[in-house]
Enquirer: 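Before I ask anything, here is the structure I am working with.
The chains referred to below are lettered A, B, ... by the order of the sequence lines, with proteins before strands, and numbering in each begins at 1.
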Amino acid sequence: MHIGHLAGCYLPADIYVRYLRSNKKDVAFISGSDEHGVPITISARKEGVTPQQIVDKYHKIMGDAFKEFGISFDVYGRTSSKIHHDTASDFFRKLYNQGSFEEKETEQYFDEQANQFLADRYIVGTCPVCANENAYGDQCEKCGTSLSPTDLINPRSTLSGSAPVKRMTKNWFLPLNKLQPKVEQYLSKHTDWKSNVYGQCKSWLESGDGLQPRSMTRDLDWGIPVPVEGAEGKVLYVWFDAPIGYISNTKELFPNDWEKWWKDEDTRLIHFIGKDNIVFHCIIFPAMLMEHGEFITADNVPANEFLNLEGDKISTSRNWAVWLHEYLLEFKDKQDVLRYTLCSNAPETKDNDFTWKDFQMKNNSELVAILGNFVNRVLVLTNKYFDGQVPQATECSDLKAFLGEQKVKVSEALEQFKFREALAEVMNVARHGNKLLTEKEPWKTIKDNKEQTGITLFDAVQIIANLAVLCEPFLPFTAQKLHQMLNSSQFNWGWAEAGNAALLPSGHQLGEAQLLFDKVEDDVIEIQIEKLNKTRIEKPVVQKAKAKETEAPKATETKVEAGETSLITFDDFAKLDLRLGTILTAERVEKADKLLKLTVDMGYEVRTIASGIAQHFQPEELPGLQVCVVANLAPRKIRGIESKGMILLSEDKEGKLHFISPRELTDNGSAVK
RNA sequence: GGCGAGGUAGCUCAGCCGGUUAGAGCGCAGCACUCAUAAUGCUGAGGUCGGGGAUUCGAGCUCCCCCCUCGCUACCA
């Protein structure tokens, strides 16, 4: 769990829920651990424990971190629970029985020694780009290149070390192509969704051939067994079972009346997620729910974009992250500072950057200087002049109007999921307080007009009382401190009380003053930056790295070829017909970034070859070059071009390509042996 | 290449159906104040709104072309 997770979904969700609770709305805040991802089984193997032990450990760690940061789930369940297994199985069975699925056979990599199918992550081999010998089937961790298992040189199974072979297997697919009209209709009712979310969905629906059938089962041994006959050794696709977890966890929370949360048209279901989950929450899960028929679908999915860290993508595997459990140790009792920073800089409309310098700035010049300082000024003055009692005065109508306006602004922003704006309006209340003090100068009026001083401080105290209510969704720990300082916990104020400029009665004894926030000094920030720089040196952060770090495994429907053994016989080699040829012409291929269409003089004929080198060479520089060609490669149609043969090139460490050419020009068509 | 989301002051972002001198917070500069964690308040400097063209009486906002960032996707035999 790192700051990206918090900023992306848990924090906004918590703020929204706390706001609703403060408004006395009937709300349930449901979440849980998704425990069936393939990475879990890999960690388990690495550590020599069972997947269950791994998820037990992380479920506890994550649950604790959430609690520490004040993420106020009503239930934090887990997908390894019995209730979830039952719920997800029932869900699958219903779809299965009513014929919602299509049965399909596909080829998957299989480990004959371990006797099981392999997820991409279970296949390692040599990276074709950087020669790292331990690249995974979905990504090379060293250079960041995104791969598919077939890209690997000498692929081998991490289970047994043997070379995997392809094998046919049966799985059940959700025909999303057929459900597309339903999904489109669903989306058409929600054109008010955030543009990044709505646009993303349209992109899925409209690009290419639209939605494709997706397998809802996998050949793995960790997960929920597929509850139908003939499905031994198969489990539910983690993205099938994970969202059903929301239902399971609701059942866990409300064993008796969970249904009203999922089957009542008046219930508003809202998913708070990161942008990597949009397709699952806005398309696949709704499709599943509609196909099932008994459940409501999400009313809104205010997904956030990504949070970067000091200019680079957050990466778990590269340890480029600020971990919540470490933050808690190094910034003790500063949960609200992080909540504030992440909320005021949340990636609401586009990817955003978290920097420690920013964190320090927000703490020092906003939380300390504006909010903390205002509260402290008022408490100090009231203690000094009025023995810590709320002075005699009546409600100020101007102040009441102002507080009322602010309350509306905060409320409206929150209801539109504009958390940054909402928080800024809360801070404006504190700013107003500072202005009040500066203008009324109670430290001056006390000399000859104690009554006026009392009026000023009465108003100032009421502002703090309002702040205690308004900041609670964002800064719950601060709100609690404010209540201690105001000695106001017993009043149990909710949102309804905000906007009242006479919340605390004259004569009310305030509690003890304490500082809300401390300054964060430069050296503290430097330590954090230093810490990150160290990981940058140890594990360089690759700029172009494609972070494939979603919990769920990548879809493994991709057709895969048989793995090769590392040694070949001379006969194998002799099958190759390698020849020299001279490039005559070269031109770009329309609508393809990487392709060049070449004509090559082979001596005995001129042939057309398509080659994926457009990003390395300009077409003009190629004619006249003599190159090595695999002449007897089966022809293949690429982007409408009949390609006959393949040009050989070497690729260096930087990924740069070099032609394999003879030292002296030779006859075209000469054999290479 | 296709689709989607962005590109607005040093930084982080607002800017509704196009309407007069483009806004906020932070940072920066100056002034004021001293109750306060040298905190606060006021004032100010700072932008040819990614570039070019078009429509319009008028465009940050509409249309076309191009560039850059992010995501998905196609292409690599």
Enquirer: Which part of the nucleic acid, if any, lies within reach of A:Glu348 when heavy atoms closer than 4.0 Å are counted: base, sugar-phosphate only, or nothing?
Expert: nothing
Enquirer: Partner of B:C17 by Watson-Crick or G-U wobble geometry, both contacts under 3.5 Å, or none?
Expert: none
Enquirer: In whole angstrom, what separates A:Ile660's CD1 from B:A77's C1'?
Expert: 16 Å
Enquirer: Is A:Glu451 atom CD crowded by more than 12 heavy atoms from other residues, nucleotides or ligands, each under 6.0 Å away?
Expert: no
Enquirer: Name the nucleic acid region contacted by A:Val368, choosing base, sugar-phosphate or nothing; use a 4.0 angstrom heavy-atom cut-off, strictly under.
Expert: base
Enquirer: Taking the same atom, P, in B:A74 and in B:C65, what whole-Å distance lies between them?
Expert: 25 Å
Enquirer: Within this structure, what is the CD-to-C1' distance between A:Glu305 and B:G71, rounded to whole angstrom?
Expert: 8 Å
Enquirer: Near A:Glu621 CD, under 6.0 Å, is it more than 12 heavy atoms from other residues, nucleotides or ligands?
Expert: yes
Enquirer: Quick one: which of B:C13, B:G71, B:C26 gets closest to the side chain of A:Asn352?
Expert: B:C13
Enquirer: Both distances below 3.5 Å, Watson-Crick or wobble geometry, any strand: find the nucleotide opposite B:C63.
Expert: B:G53
Enquirer: What nucleotide among B:U40, B:C33, B:C76 has an atom nearest to a side-chain atom of A:Ile638?
Expert: B:C76
Enquirer: Determine whether the aromatic ring centres of residues A:His190 and A:Tyr198 are separated by less than 6.0 angstrom.
Expert: no
Enquirer: On RNA chain B, nearest-nucleotide positions of A:Ile370 versus A:Lys447: which is more 5'?
Expert: A:Ile370
Enquirer: Which nucleotide, B:C13, B:A39, B:C26, lies nearest any side-chain atom of A:Glu366?
Expert: B:C26
Enquirer: If you check the A:Asn376 side chain, which of B:C26, B:A39, B:A36 turns out closest?
Expert: B:A36
Enquirer: Touch check for A:Ser643, heavy atoms < 4.0 angstrom, all strands: base, sugar-phosphate only, or nothing?
Expert: nothing
Enquirer: Identify whether any heavy atom of A:Tyr198 sits under 4.0 Å from a base atom; if not, whether one sits that close to sugar-phosphate; answer base, sugar-phosphate or nothing.
Expert: nothing
Enquirer: With ring centroids as reference points, do A:Phe517 and A:Tyr340 lie under 6.0 angstrom apart?
Expert: no
Enquirer: Quote, to the nearest angstrom, the P distance that separates B:G27 from B:C11.
Expert: 15 Å
Enquirer: Which nucleotide in the set B:U37, B:U40, B:A77 lies at the smallest distance from any side-chain heavy atom of A:Leu515?
Expert: B:U37
Enquirer: For B:G27, does OP1 or OP2 lie under 4.0 Å from any side-chain N or O of A:Ser365?
Expert: yes
Enquirer: So, applying side chain to side chain contact (heavy atoms under 4.5 Å, CB included) with A:Ile660, which one of A:Val629, A:Leu648, A:Val672 is it?
Expert: A:Leu648
Enquirer: With a 3.5 Å cut-off and no angle check, do the side chains of A:Asn428 and A:Glu425 form a donor-acceptor pair?
Expert: yes
Enquirer: Let me know the distance between CG of A:Asn304 and C1' of B:C70, rounded to the nearest Å.
Expert: 15 Å
Enquirer: Using the C1' atom as the point on both nucleotides, what is the distance between B:A22 and B:C13, in whole Å?
Expert: 14 Å
Enquirer: Starting at CG of A:Asn196 and ending at C1' of B:U69, how long is that distance when rounded to a whole Å?
Expert: 15 Å
Enquirer: Considering only B:C11, B:G41, B:G4, which nucleotide approaches the side chain of A:Asn434 most closely?
Expert: B:G41
Enquirer: Ignoring backbone atoms, establish whether A:Thr349 has a side-chain N or O less than 4.0 Å from OP1 or OP2 of B:A14.
Expert: yes
Enquirer: Which is true for A:Leu379 with a 4.0 Å heavy-atom rule: it touches a base, it touches only sugar-phosphate, or it touches nothing?
Expert: nothing
Enquirer: With a non-hydrogen cut-off below 4.0 angstrom, is A:Ala424 in contact with a base, only sugar-phosphate, or nothing?
Expert: nothing
Enquirer: Assess the pair A:Trp204 and A:Phe280: is the distance between their ring centroids shorter than 6.0 Å?
Expert: no
Enquirer: Which whole-number value in Å describes the distance from A:Phe354 CZ to B:U12 P?
Expert: 14 Å
Enquirer: So which nucleotide from B:C42, B:A74, B:C35 ends up closest to the side chain of A:Arg639?
Expert: B:A74
Enquirer: With a 4.0 Å cut-off on heavy atoms, is A:Leu516 in touch with a base, just the backbone sugar-phosphate, or nothing at all?
Expert: base
Enquirer: Give A:Leu381 one of three labels, base, sugar-phosphate or nothing, depending on what nucleic acid heavy atoms sit under 4.0 Å from its own.
Expert: base
Enquirer: Does NZ or CZ of A:Lys450 fall inside the cone over A:Phe386's six-membered ring, less than 6.0 Å from its centre and within 45° of the axis?
Expert: yes
Enquirer: Quick check: on RNA chain B, is the nucleotide nearest A:Lys444 upstream (toward 5') of the one nearest A:Ser195, or the reverse? Name the residue that is more 5'.
Expert: A:Ser195
Enquirer: Provide the distance between the two P atoms, one in B:G71 and one in B:A24, to the nearest whole Å.
Expert: 34 Å
Enquirer: Could you tell me whether A:Lys275 contacts a base, only the sugar-phosphate backbone, or nothing, with contacts defined as non-hydrogen atoms closer than 4.0 Å?
Expert: sugar-phosphate
Enquirer: B:G44 pairs with which nucleotide, Watson-Crick or G-U wobble, both distances below 3.5 Å?
Expert: B:C28
Enquirer: Distance check, C1' atoms only: B:G18 and B:G60, in whole angstrom units.
Expert: 10 Å
Enquirer: Tell me which nucleotide, if any, is Watson-Crick or G-U wobble paired with B:A39 when both distances must be under 3.5 Å.
Expert: none
Enquirer: Please give, in whole Å, the distance from B:C68 P to A:Asp351 CG?
Expert: 18 Å
Enquirer: From C-beta outward on A:Lys594, which listed nucleotide comes closest to its side chain: B:G41, B:C3, B:C76?
Expert: B:C76
Enquirer: Say you pick atom C1' in B:U8 and the same atom in B:G25; how far apart are they, in whole Å?
Expert: 15 Å
Enquirer: Using Watson-Crick or G-U wobble geometry with both distances under 3.5 Å, which nucleotide pairs with B:A5?
Expert: B:U69
Enquirer: What is the pairing partner of B:U34, taking Watson-Crick or G-U wobble pairs with both distances under 3.5 Å in any strand?
Expert: none
Enquirer: Using a 4.0 Å heavy-atom cut-off, does A:Ile613 contact any base of the nucleic acid, only the sugar-phosphate backbone, or nothing at all?
Expert: nothing
Enquirer: For A:Lys350, answer base if it contacts any base atom (sugar-phosphate contacts may also be present), sugar-phosphate if it contacts only those atoms, and nothing otherwise; contact means non-hydrogen atoms under 4.0 Å.
Expert: sugar-phosphate
Enquirer: Find the partner of B:A22: check Watson-Crick (N1-N3 plus N6-O4 or O6-N4) and G-U wobble (N1-O2, O6-N3) distances, both under 3.5 Å, and reply none if neither fits.
Expert: none
Enquirer: Check this one for me: any side-chain N or O of A:Lys313 less than 4.0 Å away from OP1 or OP2 of B:G71?
Expert: yes
Enquirer: Between A:Asp336 and A:Lys334 (salt bridge meaning N to carboxylate O under 4.0 Å), is one present in this structure?
Expert: no
Enquirer: Apply the syn/anti split at 90° from 0 to B:G46 and say which one it is.
Expert: syn
Enquirer: Classify A:Lys362 by what it touches in the nucleic acid, base, sugar-phosphate, or nothing, heavy-atom distance under 4.0 Å.
Expert: nothing
Enquirer: How far does the P atom of B:G58 sit from the matching atom of B:U73, given to the nearest Å?
Expert: 45 Å
Enquirer: Say we look at B:U43 and B:G6: how far apart would their P atoms be, to the nearest angstrom?
Expert: 34 Å
Enquirer: Counting any heavy atom closer than 4.0 Å, what does A:Asn373 reach on the DNA or RNA strands: base, sugar-phosphate only, or nothing?
Expert: base
Enquirer: Over how many whole Å does the gap from A:Lys202 atom NZ to B:G2 atom C1' extend?
Expert: 15 Å
Enquirer: Give one of base, sugar-phosphate or nothing for A:Leu633, where a contact means two heavy atoms less than 4.0 Å apart.
Expert: sugar-phosphate
Enquirer: So that I can tick it off, tell me whether A:Lys275 and A:Glu305 are bridged by a salt bridge, with the cut-off set at under 4.0 angstrom between side-chain N and carboxylate O.
Expert: yes
Enquirer: Between A:Lys418 and B:A14, is there a contact of a side-chain N or O with OP1 or OP2 at under 4.0 Å?
Expert: no
Enquirer: Give the rounded distance in Å between these two atoms: CG of A:Asp276 and C1' of B:C70.
Expert: 13 Å
